[in-house]
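Remarks on the structure that follows.
Both counts, for ligands and for their atoms, begin at 1 and track the order of listing. Predicted model, so just to flag it, every value in this text is computed and none were measured. Numbers here are sequence positions counted from 1.
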Amino acid sequence: MKQVFDQHLLYPLPAVLVGALVGDKPNYLVIGYICPFAFGRYIFLSIYRKRHTFLGIKEQRSFSVNIPSESLLREMYICGSKSGRNYDKSKLFDTFYGELKTAPMIKQCPINIECKVTEIITREEGEGVIGRVVKSYVDEECLTDGKLNISKVRPLLWSQGAGDNLYYSLGPPLDHYREE
Ligand SMILES: Cc1cc2nc3c(=O)[nH]c(=O)nc-3n(C[C@H](O)[C@H](O)[C@H](O)COP(=O)(O)O)c2cc1C
């Protein structure tokens with residue numbers, strides 16, 4: 001029997017590290033509420049107004065999306081629980097910049113995407129940020145014959161809606177169903 005479930009249920013979502021320059025310091029936070037928009041040419045993310053990183057996103061009108069591997073669990077814990085207001089998260093990673101120069105990216109993450117803010121939408125205490133993808137980068141080791149091999153990235157899948165608030169690993173690929 002179906003039961004009404006009074007929580008957001010569109011899960012799992014990839015857990016990512018979003019970066020922005022706050023003043024002259026890179027700051028990173030964990031974002032779970034994120035998705036591609038316009039078939040990947042834009043990215044939408046949901047962020048509370050009070051987040052330190054949001055100051056930088058507003059100021060610089062740019063941000064980065066960094067996809068971590070399972071090896072970054074400790075850094076994910078810190079970036080998802082401590083605020084840049086009173087903890088220097090810039091020292092956790094090696095930062096690099098791409099075309100925008102104002103969207104700090106994390107070398108240790110196998111995938112990095114730099115975005116230019118096009119819109120900020122306000123709803124209650126949350127802000128929806130839409131960024132146009134300017135350039136994307138991937139570690140060579142995560143490619144197979146020039147194509148992204150997501151198994152090599154080992155992304156973290158977040159499942160807060162199920163009630164456990166845990167990260168999960170990506171499983172092996174399934175054979176596509178095909179008509180004979
Ligand atoms: C798995 C996970 C997902 C999160 N998703 C979001 C999110 O989508 N939006 C948000 O505003 N905060 C989210 N957070 C909380 C922020 O990452 C956290 O409050 C962080 O410490 C804020 O850092 P800052 O103040 O330096 O920006 C999430 C945390 C975790 C652990």
Is any side-chain heavy atom of Gln160 closer than 4.5 Å to one of Leu13? no

Any donor-acceptor N or O pair under 3.5 Å, side chains Tyr97, Glu114: no

Chain-and-number sorted residues having a heavy-atom contact under 4.0 Å with ligand 1 are Asn27, Leu29, Val30, Ile31, Gly32, Tyr33, Ser46, Ile47, Tyr48, Arg51, His52, Thr53, Cys79, Gly80, Ser81, Lys82, Ser83, Gly84, Lys89, Trp158, Tyr167

Salt bridge (charged side-chain N to carboxylate O under 4.0 Å, His left out) filter on Lys101, not counting sequence neighbours, yields none

Transitive ILVMFWY cluster of Phe37 at side-chain heavy atoms under 4.5 Å: who else is in it? Tyr42, Phe44, Ile121, Ile130

Would you call the rings of His8 and Tyr33 parallel, tilted or perpendicular, taking 30° and 60° as the class edges? tilted

Throw together a table of side-chain donor-acceptor distances under 3.5 angstrom for residues 14-27, partners on residues two or more places apart or in other chains.
| unit_1 | atom_1 | unit_2 | atom_2 | d |
| --- | --- | --- | --- | --- |
| Asn27 | ND2 | Thr53 | OG1 | 3.0 |

